[in-house]
Amino acid sequence: MTARNTPTNEEISAVVREFITRLSGHPDIEDDRPLISAGVLDSIAAVQMVDFVERTFHVEVTDEDLELLNFDSVRGLAALVTRRVAA
């Protein structure tokens with residue numbers, strides 16, 4: 001993905017879902033399924049998600065972004081990326 005091609009929300013969700021599926025080992029991760037709060041992913045995985053988002057979408061995750069709401073589901077993480085890409 002490049003900065004010239006702004007991904008759509010659906011594209012972002014698909015990329016995030018694929019990454020979380022690989023990271024969690026669960027083949028059918030639903031977009032609203034709680035990930036961290038339900039124990040599907042741990043805090044180390046959360047750090048990996050931050051690194052993935054920054055490298056893949058060329059955005060910065062700030063301290064203010066480090067809220068459970070942003071990392072506890074595919075939908076939350078995709079929404080964070082969408083906001084950062086649009087900024």
- Note on the structure: Interatomic distance, CE@Met49 vs CD1@Ile44, rounded to 0.5 Å, equals 12.0 Å
- Item | Passing option when Thr56 is tested against Ile12, Val15, Asp51 for side-chain contact (heavy atoms from CB on, under 4.5 Å) | Val15
- Message: If I take atom OG1 from residue Thr82 and atom CZ from residue Phe57, how far apart are they, to the nearest 0.5 angstrom?
- Response: 8.0 Å
- Message: How long is the straight-line distance from CD of Glu67 back to CG of Asp72, given to the nearest 0.5 Å?
- Response: 12.0 Å
- Could you check if a side-chain atom of Val40 sits within less than 4.5 angstrom of a side-chain atom of Pro34, using non-hydrogen atoms only? no
- How many angstroms lie between CG in Asn70 and CZ in Arg83, if you round to the nearest 0.5 Å? 5.0 Å
- Sorted by chain and residue number, the salt bridge (Lys or Arg N to Asp or Glu O under 4.0 Å) partners of Asp63 (sequence neighbours excluded) come out as none
- Task: Among residues two or more places apart or on two chains, list those pairs meeting side-chain hydrogen bond (donor to acceptor under 3.5 Å, both in side chains) that have a residue in residues 21-30.
- Result: none
- Message: Test of understanding: clusters of I, L, V, M, F, W, Y form through side-chain heavy atoms closer than 4.5 Å, transitively. Do Val16 and Leu68 belong to the same one?
- Response: yes
- Query: Would you say Glu54's side chain and Val61's backbone share a donor-acceptor pair under 3.5 angstrom?
  - Reply: yes
- Atom pair OG (Ser73) and CD1 (Ile20), whose distance is rounded to the nearest 0.5 Å: 7.5 Å
- Message: So, taking the atom named CG in Leu80 and the one named CZ in Arg84, what distance separates them when rounded to the nearest 0.5 Å?
- Response: 6.5 Å
- Side-chain touch Phe71/Val50, heavy atoms, less than 4.5 angstrom: yes
- Hphob cluster co-occupancy, Leu66 + Leu41, side-chain heavy atoms under 4.5 angstrom: yes
- Message: Could you tell me if the side chain of Val74 sits less than 4.5 Å from the side chain of Arg33, heavy atoms only?
- Response: no
